[in-house]
Amino acid sequence: MSETTNPPTNFIRQIIDEDLRSGKRTNVATRFPPEPNGYLHIGHAKSIVLNFGIAEDYNGTCNLRFDDTNPGKENMEFVEAIQRDVKWLGYSWDERLYYASNYFQNLYEFALELIKNGKAYVCELNAEQTREYRGTLKEPGKDSPYRSRSVAENLDLFEKMKSGEFEDGTKVLRAKIDMTSPNINMRDPVLYRIRHGVIHHQTGAEWCIYPMYDYTHPISDALEGITHSLCTLEFEDHRPFYDWVLDNISVGCHPQQIEFSRLNLEYTVMSKRKLTQLVSEGFVNGWDDPRMPTLAGIRRRGYTPAAMKLFCQRIGITKSEGIVEMELLENCVREDLNIIAPRRMAVLDPLKVVITNYPADQVEQLTLPNHPQDESMGTRLVPFCNEIYIEQEDFLEEANKKYKRLVKGDCVRLRNAYIIQCDEVVKDDYDNIVEIHCSYIPDSIGSNPEGIKPRGVIHWVSARHGVVAEVRLYDRLFAVAAPDAMANKEDKAFTDYLSPDSLHTLTHCVVEPSLTDAQPGDSYQFERQAYFCADLDHGNGKVVFNRTVTLRDTWAKIEQKGR
RNA sequence: UGGGGCGUCGCCAAGCGGUAAGGCACUGGAUUUUGAUUCCAGCAUACCCAGGUUCGAAUCCUGGCGCCCCAGCCA
């Protein structure tokens, strides 16, 4: 079965199929619940495509919900960036944009219900004491001395917590479950903590008590009528508490939490903490630096939503943890860009070529196809004259037969133009090649004249018409495949493995004139080289392109092996 | 055994008791005015290991081994 005839299936979809079949569920409602404390990355894309994709395929809904219960770390910049990125991927939450903070009042009332039923209590242990009482992984914890307060006292104390009578850290509301549970998450987890002086981006200073994620999440899901609450593996241990909350309040809805493995990608890091560090410590130029695995970054790099979705489809959804090779991601972008990116010519490292037998006052406007395999993409005009630039690496004074480019005394085809032959090499006093003199073969456009066999095809740009451009060559951010694991193993910082070659900026490139019309974000294939897109800095006289991903280069691999 | 998970080709991943899909990577070869694309062919007698059940096991059972997660008033 091929990929296209085989719709994406995974264990979560199988569970949903069974739930629908058995009648356990009659609809499908999912949600994507980011905390607005950073930008979304490729790992989030996996979750977005999963959640929104399921909603689409099952004729259900997917809510966008900000998990904003920790105001100290969250802000509106992130709230806005996240919405931008989800939209960019092509998904719509319609009017279903929610915030966990929308439910602060509900959450508070359910807490009251738990207290009244003897299921929650106000604890005065400080953070350190709480940790001590919790026990360890192998030893049970012990009950807090405040565990057996009366309902009335708990109600009174919680009310005072809410009204601001206590300082930060002096009291918390805890669930009363089992301090000896082998699952640490069930040892009377904290439900509410006190936070004075923080301004929440949604609720301002209205509250001074904030609910914890583990308490908030199941209730938010239930209030939204979520059927399947999909999250990552590290929450597996939290599921018993997720269920406990819903089983002990009168919310009347019980979504099912299902966990899947996070995405790990070679040559990058995927934790928000580390990405934040790269930004805040200036290792990269912001969250949208094209080297970042953030959606904002890869978008600026030139990755397309279609490529991202294809990638998410190909990596699949399972509970096993692994690390995906960069080649898989790169193949996905190439696959999409190969179809949609118009072809252009650009010389990154120019070598001047004077065509001695071409009239110096003549200019031809050649009509070239925008895509050799797709006529519907049209054509554009490219000027040709007696002075052009070719790539330095496309010329050698001497070379063996395998070198399919220009060699002194031999001829080569200029892409979509004439065949030229190198007659002379002009050098300066230091033996550096300054320019080369060639002669062109008239009537050689379109086919090879009798007896002429060019070694290969090289790209070019008219020296008199070409436009100077800045080209940013991006490569993998890290020098090692698994920077996290490596840093751990060698007791170093993950930043020690940042690649010195992640960005090379070229400022003397020459591109064909039509490229000045590009809009930021437009993708092109610079023939024989790579896919590029116009950067955000492009325009208003500046010509700036980012390399998205190189073309597959089997020649480079063969050369590599030779060494 | 403190508890919870995971282990199928180099990487990702189907498989759900009937005799190992697919993608990426890789290797050949064809076509090519991008050393690109496209196309064709090859690529796990084998499913962490060892026993067992069965006519038949990657799939069931038992026992091992390896790896990941959990002791935030973070999410």
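Order of the sequence lines sets the chain letters (A, B, ...), proteins ahead of strands, with each chain counted from 1.
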Residue-phosphate contact under 4.0 Å: A/Ser261 side-chain N/O, B/C68 OP1/OP2:
no

A/Glu224 bridged to A/Arg65 by N-O distance under 4.0 Å:
yes

Nearest-angstrom distance, P atom, B/U53 to B/U62
15 Å

Does A/Gln14 place a side-chain N or O at less than 4.0 Å from the phosphate oxygens OP1/OP2 of B/A14?
no

Would you tell me if any nitrogen or oxygen in the side chain of A/Arg528 comes within less than 4.0 Å of OP1 or OP2 on B/G35?
yes

From the set B/A75, B/C12, B/G15, return the single nucleotide nearest to any side-chain atom of A/Thr69.
B/A75

Contacts of A/Tyr524 that satisfy ring pair (Phe, Tyr, Trp, His ring centres under 6.0 Å) - sequence neighbours left out
none

Does the B/C68 base have a donor-acceptor partner in the side chain of A/Glu234 within less than 3.5 Å?
no

Which residues in residues 119-132 of chain A have at least one heavy atom lying under 4.0 Å from any atom of RNA chain B?
A/Leu125, A/Asn126, A/Ala127, A/Thr130, A/Arg131

May I ask you to check whether over 12 heavy atoms, not counting those of A/Asp443, lie within 6.0 Å of atom CG?
no

Which base, if any, makes a Watson-Crick or G-U wobble pair with B/G22, both distances under 3.5 Å?
B/C12

Note: contacts of residues 157-174 of chain A with RNA chain B (heavy atom, under 4.0 Å) are A/Gly169, A/Val172

Relative to the ring of A/Phe384, is the ring of A/Tyr418 parallel (under 30°), tilted (30 to 60°) or perpendicular (over 60°)?
tilted

Of the listed nucleotides (B/C16, B/C12, B/A75), which one gets closest to any side-chain atom of A/Asp67?
B/A75

Before we go on, tell me: are the rings of A/Tyr213 and A/Phe235 under 6.0 Å apart, centre to centre?
yes

Winner on side-chain proximity to A/Ile315, out of B/A14, B/A75, B/C12, is B/C12

A/Tyr242 and A/His217 aromatic ring geometry - parallel, tilted or perpendicular at 30°/60° bounds
tilted

Applying salt bridge (charged side-chain N to carboxylate O under 4.0 Å, His left out), name anything that partners A/Arg262, two or more places apart in sequence or on another chain.
A/Glu234

Please state the C1' separation for the pair B/U32 and B/C40 - nearest whole angstrom.
15 Å

Would you say B/U34 has OP1 or OP2 under 4.0 Å from some side-chain N or O of A/Arg413?
no

Distance from A/Cys509 atom SG to A/Glu391 atom CD, nearest 0.5 Å?
8.0 Å

From A/Met161 atom CE to A/Arg193 atom CZ, the distance as rounded to the nearest 0.5 Å
10.5 Å

Counting primed atoms, P, OP1 and OP2 as sugar-phosphate and everything else as base, the B/S/- map of nucleotides 2-7 of chain B against protein heavy atoms under 4.0 Å is BBSSS-

So does A/Lys162 pair up with A/Glu159, basic N to acidic O under 4.0 Å?
no

Determine: side-chain N/O of A/Arg193 to OP1/OP2 of B/A75, distance under 4.0 Å, yes or no.
yes

Output yes when A/Glu35 and A/Lys272 qualify as a salt bridge under the 4.0 Å nitrogen-oxygen rule, no when they do not.
no

Which nucleotide wins on minimum distance to the side chain of A/Val457, given the candidates B/C16, B/C74, B/U34?
B/U34

Tell me which of A/Glu527 and A/Gly135 sits closer to the 5' end of RNA chain B, going by the nucleotide each one is nearest to.
A/Glu527

Taking a pair to mean Watson-Crick or G-U wobble geometry with both distances below 3.5 Å, B/C67 pairs with B/G5

Plane angle bin for A/Trp207 and A/Phe104 - parallel if under 30°, tilted between 30 and 60°, otherwise perpendicular
perpendicular

Side-chain donor/acceptor of A/Gln525 to base of B/U34, under 3.5 Å:
yes

Look at the side-chain N and O atoms of A/Arg195 and state whether any lies under 4.0 Å from the OP1 or OP2 oxygen of B/C74.
yes

In Å, rounded to the nearest 0.5 Å, how long is the span from CD1 of A/Ile340 to OG1 of A/Thr304?
5.0 Å

Report the base-pairing partner of B/G17 (Watson-Crick or G-U wobble, both distances below 3.5 angstrom), or none.
none

Watson-Crick or G-U wobble partner of B/U59, both distances under 3.5 Å:
none

Taken to the nearest 0.5 Å, the spacing of A/Asp188 CG from A/Tyr121 OH works out to 3.5 Å

What do you reckon, do A/Trp555 and the base of B/G35 stack, with centroid distance below 5.5 Å and planes below 30°?
yes

Heavy atoms only, 4.0 Å cut-off, all strands: where does A/Asn416 land among base, sugar-phosphate and nothing?
base

For nucleotides 24-29 of chain B, just jot down a letter per nucleotide in 5' to 3' order: B, S or -, based on protein non-hydrogen atoms under 4.0 Å.
BSSS--

Test item: A/Arg455 side-chain N/O and A/Leu406 main-chain N/O as donor-acceptor pair under 3.5 Å:
no

Which part of the nucleic acid, if any, lies within contact of A/Ser181, taking any heavy atom under 4.0 Å across all strands shown: a base, the sugar-phosphate backbone alone, or nothing?
nothing

Between B/A58 and B/G15, how far is it from one C1' atom to the other, in whole Å?
8 Å

With ring centroids as reference points, do A/Tyr192 and A/Tyr215 lie under 6.0 angstrom apart?
yes

Mind telling me whether B/G4 is syn or anti, cutoff 90° either side of 0?
anti

